A.B. asks: 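Encoded as C-alpha coordinates, here's the structure I'll be asking about.
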Amino acid sequence: MRLNVSVFIAKRIAFNRQKSFSRFIIRLAVTATAISVAIMIVAMSFVNGFQQVISNKYLAFGGT
(Lines give C-alpha, C1' and ligand atoms only; values in the text may rest on other atoms or scores of the structure.)
Protein backbone atom coordinates (compact mmCIF):
# COMPACT_ATOMS: atom_id res chain seq x y z
CA MET A 1 0.00 0.00 0.00
CA ARG A 2 1.45 3.32 -1.10
CA LEU A 3 1.16 6.38 1.12
CA ASN A 4 0.25 9.63 -0.59
CA VAL A 5 2.53 12.33 0.82
CA SER A 6 0.13 15.23 0.29
CA VAL A 7 -2.72 13.39 2.04
CA PHE A 8 -0.39 12.53 4.90
CA ILE A 9 0.66 16.16 5.35
CA ALA A 10 -2.92 17.46 5.09
CA LYS A 11 -4.17 14.98 7.69
CA ARG A 12 -1.28 15.83 9.95
CA ILE A 13 -2.09 19.54 9.83
CA ALA A 14 -5.90 19.23 9.94
CA PHE A 15 -6.11 16.76 12.81
CA ASN A 16 -3.31 18.16 14.93
CA ARG A 17 -4.17 18.56 18.62
CA GLN A 18 -2.50 21.94 18.86
CA LYS A 19 -4.26 25.13 17.82
CA SER A 20 -2.74 26.45 14.62
CA PHE A 21 -3.70 28.89 11.90
CA SER A 22 -3.30 26.22 9.21
CA ARG A 23 -5.78 23.96 10.98
CA PHE A 24 -8.29 26.82 11.12
CA ILE A 25 -7.86 27.59 7.41
CA ILE A 26 -8.28 23.95 6.40
CA ARG A 27 -11.44 23.51 8.46
CA LEU A 28 -12.83 26.81 7.15
CA ALA A 29 -12.20 25.69 3.56
CA VAL A 30 -13.88 22.32 4.11
CA THR A 31 -16.89 23.97 5.74
CA ALA A 32 -17.20 26.58 3.00
CA THR A 33 -17.02 23.90 0.31
CA ALA A 34 -19.73 21.81 1.98
CA ILE A 35 -22.03 24.82 2.37
CA SER A 36 -21.52 25.94 -1.23
CA VAL A 37 -22.27 22.46 -2.59
CA ALA A 38 -25.46 22.31 -0.51
CA ILE A 39 -26.56 25.74 -1.78
CA MET A 40 -25.89 24.72 -5.39
CA ILE A 41 -28.00 21.57 -4.95
CA VAL A 42 -30.90 23.62 -3.56
CA ALA A 43 -30.58 26.20 -6.35
CA MET A 44 -30.59 23.51 -9.04
CA SER A 45 -33.69 21.92 -7.55
CA PHE A 46 -35.47 25.29 -7.67
CA VAL A 47 -34.41 25.84 -11.28
CA ASN A 48 -35.57 22.36 -12.33
CA GLY A 49 -38.89 22.84 -10.54
CA PHE A 50 -39.54 26.21 -12.18
CA GLN A 51 -38.52 24.83 -15.56
CA GLN A 52 -41.05 22.01 -15.21
CA VAL A 53 -43.85 24.40 -14.15
CA ILE A 54 -43.16 26.77 -17.05
CA SER A 55 -43.00 23.86 -19.48
CA ASN A 56 -46.37 22.55 -18.26
CA LYS A 57 -47.98 26.01 -18.57
CA TYR A 58 -46.58 26.43 -22.08
CA LEU A 59 -47.94 23.06 -23.18
CA ALA A 60 -51.32 23.76 -21.56
CA PHE A 61 -51.54 27.10 -23.38
CA GLY A 62 -51.46 25.32 -26.75
CA GLY A 63 -54.60 23.41 -25.85
CA THR A 64 -55.52 19.89 -26.73
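Just so it is clear, the values below take in all heavy atoms, side chains as well, and ignore hydrogens, waters and symmetry mates. Owing to the predicted nature of the structure, the values given are computational and were not obtained by experimental measurement.
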A.B. asks: Classify the ring geometry between F24 and F21 as parallel (under 30°), tilted (30 to 60°) or perpendicular (over 60°).
C.D. replies: tilted

A.B. asks: Keeping the roles fixed (side chain from T33, backbone from A29), state whether a donor-acceptor pair exists under 3.5 Å.
C.D. replies: yes

A.B. asks: Under 4.5 Å side-chain heavy-atom separation, chaining through any Ile, Leu, Val, Met, Phe, Trp or Tyr, what else clusters with I39? Say none if it is isolated.
C.D. replies: I35

A.B. asks: Can you name the side chain to side chain donor-acceptor pair (under 3.5 Å) partners of S6, sequence neighbours left out?
C.D. replies: N4

A.B. asks: Count I, L, V, M, F, W, Y as connected when their side-chain heavy atoms are under 4.5 Å apart, and connections chain through other members. Are F50 and Y58 then in the same cluster?
C.D. replies: no

A.B. asks: Say you draw a straight line from CG of N56 to CD of Q51; how long is it, rounded to the nearest 0.5 Å?
C.D. replies: 10.5 Å

A.B. asks: Quick one: name the residues clustered hydrophobically with I54, using the 4.5 Å side-chain heavy-atom rule over I, L, V, M, F, W, Y, and just say none if it's on its own.
C.D. replies: none

